[in-house]
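A short worksheet on the structure shown next.
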Protein chains: 4
Amino acid sequence: MTSRKQEKFEMILDAAEKVIAENGFHGSQVARIAKEAGVADGTIYLYFKNKEDILISLFQNRLGSLVESFKNNISEEDSAEEALYKICDIHFSLLEENIHLAYVTQIELRQSSLELRKAIGQAVKPYIQLIEHILIKGVADGSFRRNLDTRLTRQLIFGAMDEVVTSWLISGQKYSLTAQVANTVDFFIRGLK
Amino acid sequence: MTSRKQEKFEMILDAAEKVIAENGFHGSQVARIAKEAGVADGTIYLYFKNKEDILISLFQNRLGSLVESFKNNISEEDSAEEALYKICDIHFSLLEENIHLAYVTQIELRQSSLELRKAIGQAVKPYIQLIEHILIKGVADGSFRRNLDTRLTRQLIFGAMDEVVTSWLISGQKYSLTAQVANTVDFFIRGLK
Amino acid sequence: MTSRKQEKFEMILDAAEKVIAENGFHGSQVARIAKEAGVADGTIYLYFKNKEDILISLFQNRLGSLVESFKNNISEEDSAEEALYKICDIHFSLLEENIHLAYVTQIELRQSSLELRKAIGQAVKPYIQLIEHILIKGVADGSFRRNLDTRLTRQLIFGAMDEVVTSWLISGQKYSLTAQVANTVDFFIRGLK
Amino acid sequence: MTSRKQEKFEMILDAAEKVIAENGFHGSQVARIAKEAGVADGTIYLYFKNKEDILISLFQNRLGSLVESFKNNISEEDSAEEALYKICDIHFSLLEENIHLAYVTQIELRQSSLELRKAIGQAVKPYIQLIEHILIKGVADGSFRRNLDTRLTRQLIFGAMDEVVTSWLISGQKYSLTAQVANTVDFFIRGLK
DNA sequence: CATGAATGAGGATTCATTCAT
DNA sequence: AATGAATGAATCCTCATTCAT
């Protein structure tokens, strides 16, 4: 992809994030996104297969940033506990800082067909695998208990964090999300030991 | 509500559960639900405000059964740990036994506006409060640690269970959901102590 | 079909004939036809499967009238020659009297997929068979020659009449169509003897 | 037109014939024709005014070949009857040999606006005039009857042949088209005498 | 209470055509 | 002469909801 194409691709993605966060996925007409991005309606379809593809691409792109952020902040020398803390911290911070993105991931992205849910599942996989990687490492170095079911536990951890974010969002962000990091991770660590 | 009305109300709800589970919320036309229930299209609107109201009512009704089940199975004499185990067990069992209901609650019900999400949140509240009630009891009788943030933890527990169910569903139910109960609760208990 | 339904069905058909004749099939929006018929857009779809179905139904309906007209005007006692004359006369007269219908059958109806052409072919079949019936009768009573290939000839006759109508229409109806009946039939009769 | 231009013009025409025969006129995107011809989309518009112009040009070009073929095969010394036979024979043979062309002329070319129909009429004119020329010659040399309406008859003959071709095409070419020449011309000759 | 015919708003997508390079 | 990225107009059909019977 040329940088010219890449540039326009991201313009549309930014526009989509804004419009979808404000109006919801079903409430966001392609024409509206095009206008916000400053391109013609038809141009959207030179970069995305269809409307749903915009949503998927948006999610993949943003999740990529999250994973990127993990790579930059978590070193292999960090203990499993520290790594888990950082993951939760980055996760909560990112969404608290970017309320548009939070709406899209927690509310709009869920308004999707089973088909789409599976595609999203694929995109989330690297993240969930990262959590499992840390769990395995913790078990190996003795930080966590031996009999830990890492496949199940990675889901428990992801699901717990996800619910905290959604509850915070639905509450109208009346409290600090990042303030929940310590207790959340504490709960996890205890469960893991 | 007369029993005559009540009866038809439930006929429509049963029809809706079946149709929505098979076709998804957006794929379920009111006309289709009416036909399945054996009533005229217009009749639906004598019992429900609109299409979304069917979904909410369905959820409330089924959640009522779940809470009912808790009341019948959990006694005040049960220890907090036992109660938590039963909650998770009943939760997983109910959805494993009723795949239609599982689809509706985990997939279709999420395909909804922020508005609807709030209504659903209201319906889930008693359940989440039940979890918190157990947590508080556990703290009180010394089963759980004193400094537990019960508001946050009830979300963590609910979110973790919810994610396990959704993952199981999206996987295509390739493994037993109830088989996850023991490890799931174990993780919670450790986190709570 | 109740007479209530039948009535609305024909209202829509009449509206479609008018609108399509004036604007062509591709130039006729369903909304426009609905407005002309005095019904809502959606109502159209209670009576017709889709836009193309309106065109097919229109053709079938009008062709039915034509065949009806033949039945009323041609008696079994008529000689084959007389019958052929009447057919051509009724055919030309009907289209000359109803220029809207002429446009639809000669121009718009041809603007169609191979699929549709086959459907139209089915509708025309009774008419072409009627021509063949007359040819066979003429051969039987000695009016026409024995070695006549009736399958081929019915096509020659239908195609010849069809072309005369289309040419007249494209010319802008600068001359009388019915004035061509005598010479047209004369040509046929000679070819048949 | 330079031979360079001429060459590319014909490349596009060949591509159009192939694509339109396979997908129909409405199903043939300009981009598809361009790709088949190995040129850029925009290049098409250096050689043709618009999409419809491609169809007209294609028809004119192919009809030119037909008339060319007549000139090469019909001599002024041929009797009117012989000439008529040759015309029908060449007409049927050409289309039977080139099924792509047959689809385009009999089906796709008819899917057109009144506007286009008139342009096609212009292109067909030389052919119809050729038929009339033969009729006049036949009347002059006494082969055909004196009172023949040559304007009408040329239409009857053209329409009859056209219908035979279309019927053969829609039938799925289940029988030989050229096998119909003898009986077809026989019918004409009788009608002309 | 119940019916079901009628309504009509609403939107993703295609594709012929243009024009800056 | 040629390119091909960008344009943006244009429309069929669905389906939640109503209301006269």
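Lettering follows sequence order; numbering is per chain, from 1.
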Check whether any side-chain N or O of [X] sits under 3.5 Å from a backbone N or O of [Y] as a donor-acceptor pair, and report yes or no.
X	Y	value
D:Asn23	D:Val19	yes
D:Lys5	D:Tyr47	no
D:Lys51	D:Phe25	yes

Problem set entry | Separation of the P atoms in E:dC1 and F:dT21, to the nearest angstrom | 23 Å
For this session: Would you please confirm or rule out a distance under 4.0 Å between OP1 or OP2 of E:dA2 and any side-chain N or O of B:Tyr47?
Result: yes
Exercise. Does a nitrogen or oxygen in the side chain of D:Thr43 sit under 4.0 Å from OP1 or OP2 of F:dT3?
Worked result: yes
Problem set entry | Earlier contact from the 5' end, DNA chain E, for A:Ser28 and D:Asn50 | A:Ser28
Closest to the [X] side chain, choosing from [options]:
X	options	answer
D:Tyr45	E:dT17, F:dT3, F:dA9	E:dT17
B:Asp41	E:dA5, F:dA16, E:dA12	E:dA5
D:Leu46	F:dA2, E:dT13, E:dG8	F:dA2
A:Ala40	F:dA16, E:dT13, F:dG8	F:dG8

Problem set entry | Any strand: nucleotide that pairs with F:dA6 via Watson-Crick or wobble, under 3.5 Å | E:dT17
Problem set entry | Watson-Crick/G-U partner (both atom distances under 3.5 Å) of E:dG10 |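 F:dC13 - that is the nucleotide pairing with E:dG10, both distances being under 3.5 Å.
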Exercise. For C:Gly42 and A:Gly38, take the nucleotide of DNA chain F holding the closest heavy atom to each; which residue's nucleotide lies nearer the 5' end?
Worked result: A:Gly38
Spacing between [X] atom [atom1] and [N] atom [atom2], to the nearest angstrom:
X	N	atom1	atom2	result
A:Gln29	E:dG10	CD	C1'	9 Å
B:Ile54	F:dT17	CD1	C1'	12 Å
B:Lys35	E:dT3	NZ	C1'	16 Å
C:Leu55	F:dC12	CG	C1'	15 Å
B:Lys51	F:dA16	NZ	C1'	8 Å
B:Lys8	E:dT3	NZ	C1'	10 Å
C:Phe9	E:dA5	CZ	P	16 Å
D:Ile44	E:dC15	CD1	C1'	14 Å

Exercise. Does a side-chain heavy-atom distance below 4.5 Å link B:Leu13 with B:Phe48?
Worked result: yes
Exercise. Rounded to the nearest 0.5 Å, how far does NZ of C:Lys8 lie from CD1 of C:Ile44?
Worked result: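 Here the interatomic distance stands at 10.5 Å.
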